[in-house]
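Accompanying notes for the structure given below.
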Amino acid sequence: MVAGGDGTVGWVLGCLGELYVQNREPVPPVAVIPLGTGNDLSRSFGWGASFPFSWKAAAKRSLYKAILGPVSCLDSWHVVVSMPEEREEEQELNLPHSLRHLGECTFYDDGTAEGELPETILCFDGVFYNYFSIGMDAQVAYGFHQLRDEKPFLASGPLSNKLIYAGYTCKQGWFFTQCISDPELRGLTNIIRLSIKKMDSSEWEHIPVPSSVRAIVALNLHNYASGRNPWGTLKPEYLEKKGFVEAQSDDGLLEIFGLKQGWHASLVMVELISAKHIAQAAAIRLEIKGGQWRDAYMQMDGEPWKQPLSAEYSTFVDIKRVPYRSLIINGADR
C-alpha cells in the first residue's frame with residue numbers, strides 16, 4: 001500500500017521493477033492512498049482523486065480493497081536522454097530523483113539523426129508510468145517545483161498548488177505567445193525532430209510536428225493534469241481514419257498529442273475539445289537541436305527538469321517499453 005502522489009507511486013513501482021530484473025518473482029501488486037496534487041495514477045485505477053478527511057474509516061476501506069481487488073497491468077516506459085558532453089552545461093543539469101546518471105555512453109544512430117553527433121555523449125535514464133512531456137507545460141511545472149523548494153509554505157495543499165500552477169501558466173507566456181519575441185516561447189517544430197516505431201515494426205517513421213504546438217506529451221494512461229483526458233474518447237470511424245487503436249494502459253502504445261497556446265490547452269483541460277493528435281507509438285525518438293534555444297524543459301510523471309541544449313550538437317530522447325508490466329490493484333467499487 002503506497003501513500004503519496006504519482007511520484008511516490010512511480011518510485012515504488014520502479015523499486016519493485018528491480019525484482020523482475022533480479023528474477024525475484026512473484027512481484028507484489030501495488031495499492032494506492034492518494035495524497036498528491038494530481039493523483040492521476042490513483043484515478044486511473046479506481047483509488048480516487050484525494051483521500052477523505054475521515055481517514056481512519058477510509059484507510060480501513062482501502063486495505064479491504066487492497067486485499068480483495070482485482071489486479072490490473074500497467075506498461076512501464078524507459079527513457080534515455082543522450083546529450084553532448086559540455087562542462088558548463090553539465091554543471092547546470094539538476095535531475096529529479098526519478099532519473100539517474102549513466103555517465104559516458106555510446107549513441108547508436110540507425111539513420112534517424114539529422115544533426116551533428118558529438119564524440120563524447122553523456123546519458124541519464126529513468127522510467128515513467130503515466131506521461132513524458134517537453135515544452136511549455138514542463139516549463140510551468142519546473143517553475144512551480146522551484147518555488148515549492150524555495151518557499152515550501154506557499155505550496156501547502158492541492159488547492160494552493162493548483163493556484164500557483166495557474167499563476168505560472170500566465171507568467172511564462174502560455175497565453176500570450178504573440179506578444180513575446182523570445183524564440184524559446186515559440187513552436188517546438190523549430191527544434192524537434194520526432195520519429196516513432198509503430199506496433200510490430202522495426203523501422204523508424206518521421207512524424208511532422210505541427211507548427212503551432214508548444215508542448216508534446218506522450219501519454220500512457222487516460223488521466224493527465226489532475227484527471228483530464230486530453231486524448232479524448234475517439235469514435236471508431238476516427239480511429240480507423242487515423243490508423244489508431246483504442247487507448248489502454250497495457251497495450252504497448254503511447255498516445256502522442258500536442259498542446260498549442262494556453263487557450264487551446266484550457267479548452268482541452270475542460271474537455272470541450274481534444275488535444276492535437278499526433279501519433280500512437282511503440283517507441284519514440286526525439287532529436288532536439290538547440291540553435292537559439294539554450295535549454296528545453298521536460299518532465300516525467302510530474303517531475304520536471306531543465307535540459308541544457310548545445311548550439312552545435314543534437315540531444316536525443318529515446319523512449320521504449322520496459323519488457324515487463326507493473327501490477328496495480330484496482331480499487332474501483334464493484
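The shown structure was predicted, so the numbers you read here are calculated from the model rather than taken from an experiment. What you see below is based on every heavy atom in this structure, not just the backbone, and it leaves out hydrogens, waters and symmetry mates. Starting from 1, each residue takes its place in the sequence as its number.
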Closest non-hydrogen atom pair, [X] against [Y]:
{"X": "Ala59", "Y": "Phe51", "result": "N-CZ, 3.6 Å"}
{"X": "Pro308", "Y": "Asp295", "result": "CA-CB, 4.0 Å"}
{"X": "Gln299", "Y": "Gly302", "result": "OE1-CA, 3.5 Å"}
{"X": "Ile278", "Y": "Gly258", "result": "CD1-N, 3.8 Å"}
{"X": "Ala66", "Y": "Ala31", "result": "CB-CB, 3.8 Å"}
{"X": "Met298", "Y": "Phe132", "result": "SD-CZ, 4.0 Å"}

Given the rule that I, L, V, M, F, W and Y join up when any side-chain heavy atoms are under 4.5 Å apart, are [X] and [Y] in one cluster?
{"X": "Met300", "Y": "Val80", "result": "no"}
{"X": "Trp204", "Y": "Val209", "result": "no"}
{"X": "Ile207", "Y": "Ile319", "result": "yes"}
{"X": "Val12", "Y": "Trp47", "result": "yes"}
{"X": "Val9", "Y": "Val127", "result": "yes"}

task = Pick out which of Val317, Ile216, Leu194 makes a side-chain contact (heavy atoms from CB on, under 4.5 Å) with Ile284.
result = Leu194
task = Have a look at Pro29 and tell me which of Ile328, Ile329, Asn330, Leu13 forms a side-chain contact (heavy atoms from CB on, under 4.5 Å) with it.
result = Ile329
Are [X] and [Y] linked by a side-chain donor-acceptor pair shorter than 3.5 Å?
{"X": "Trp77", "Y": "Asn220", "value": "yes"}
{"X": "Ser211", "Y": "Thr189", "value": "no"}
{"X": "Ser98", "Y": "Glu303", "value": "no"}
{"X": "Gln307", "Y": "Trp305", "value": "yes"}
{"X": "Tyr142", "Y": "Asp137", "value": "no"}

Would you say that [X] contacts [Y] through its side chain, given a criterion of any heavy-atom pair below 4.5 Å between the two side chains?
{"X": "Leu74", "Y": "Tyr129", "value": "yes"}
{"X": "Phe45", "Y": "Val32", "value": "no"}
{"X": "His277", "Y": "Lys242", "value": "no"}
{"X": "Asn39", "Y": "Leu41", "value": "no"}
{"X": "Phe316", "Y": "Leu286", "value": "no"}
{"X": "Val213", "Y": "Leu259", "value": "no"}
{"X": "Met199", "Y": "Leu253", "value": "yes"}
{"X": "Met1", "Y": "Ile33", "value": "yes"}

So does [X] have more than 12 non-hydrogen atoms from other groups sitting under 6.0 Å from [atom1]?
{"X": "Lys276", "atom1": "NZ", "answer": "no"}
{"X": "Tyr238", "atom1": "OH", "answer": "yes"}
{"X": "Trp11", "atom1": "CH2", "answer": "no"}
{"X": "Glu237", "atom1": "CD", "answer": "yes"}
{"X": "Gln248", "atom1": "CD", "answer": "yes"}

Gap separating the [atom1] atom of [X] from the [atom2] atom of [Y], nearest 0.5 angstrom:
{"X": "Ile196", "Y": "Arg285", "atom1": "CD1", "atom2": "CZ", "result": "13.5 Å"}
{"X": "Glu25", "Y": "Tyr324", "atom1": "CD", "atom2": "OH", "result": "10.5 Å"}
{"X": "Glu85", "Y": "Cys123", "atom1": "CD", "atom2": "SG", "result": "11.0 Å"}
{"X": "Ser82", "Y": "Glu287", "atom1": "OG", "atom2": "CD", "result": "11.5 Å"}
{"X": "Ser314", "Y": "Met83", "atom1": "OG", "atom2": "CE", "result": "12.5 Å"}
{"X": "Ser72", "Y": "Leu327", "atom1": "OG", "atom2": "CG", "result": "9.0 Å"}

query = Can Thr315 and Val81 be said to form a side-chain contact (heavy atoms from CB on, under 4.5 Å), step by step?
reply = CA-CA 7 Å; Thr315 296; Val81 179; 4.1 Å; yes
ask   = Taking the six-membered ring for Trp, are the ring centroids of Phe128 and His78 within less than 6.0 Å of each other?
value = no
key: Aromatic centroids of Trp231 and Phe244 separated by under 6.0 Å   = yes
For [Y], does its backbone N or O pair with a side-chain atom of [X] as donor and acceptor, under 3.5 Å?
{"X": "Tyr131", "Y": "Ala225", "result": "no"}
{"X": "Arg294", "Y": "Ala311", "result": "no"}
{"X": "Gln280", "Y": "Val245", "result": "yes"}
{"X": "Asp75", "Y": "Gly252", "result": "yes"}
{"X": "Lys260", "Y": "Ser212", "result": "no"}
{"X": "Asn130", "Y": "Asp40", "result": "no"}

task = Flag the pair Glu114 and Lys289 as a salt bridge only when some basic side-chain nitrogen lies within less than 4.0 angstrom of an acidic carboxylate oxygen.
result = yes
inquiry  = What I want to find out is whether Glu203 reaches Lys197 closely enough, with some N-O distance under 4.0 Å, to be called a salt bridge.
reply    = no
key: CA sep, side-chain torsions, deciding dist, call: Tyr20, Val27, side-chain contact (heavy atoms from CB on, under 4.5 Å)   = CA-CA 7 Å; Tyr20 287 104; Val27 177; 3.8 Å; yes
task = In sequence, state the C-alpha distance, the side-chain angles, and the governing distance for Thr120 and Glu104, and then conclude on side-chain contact (heavy atoms from CB on, under 4.5 Å).
result = CA-CA 7 Å; Thr120 306; Glu104 290 189 13; 3.5 Å; yes
ask   = Does the side-chain contact (heavy atoms from CB on, under 4.5 Å) test come out yes or no for Asp318 and Val79, once each step is laid out?
value = CA-CA 6 Å; Asp318 284 288; Val79 176; over 6 Å; no
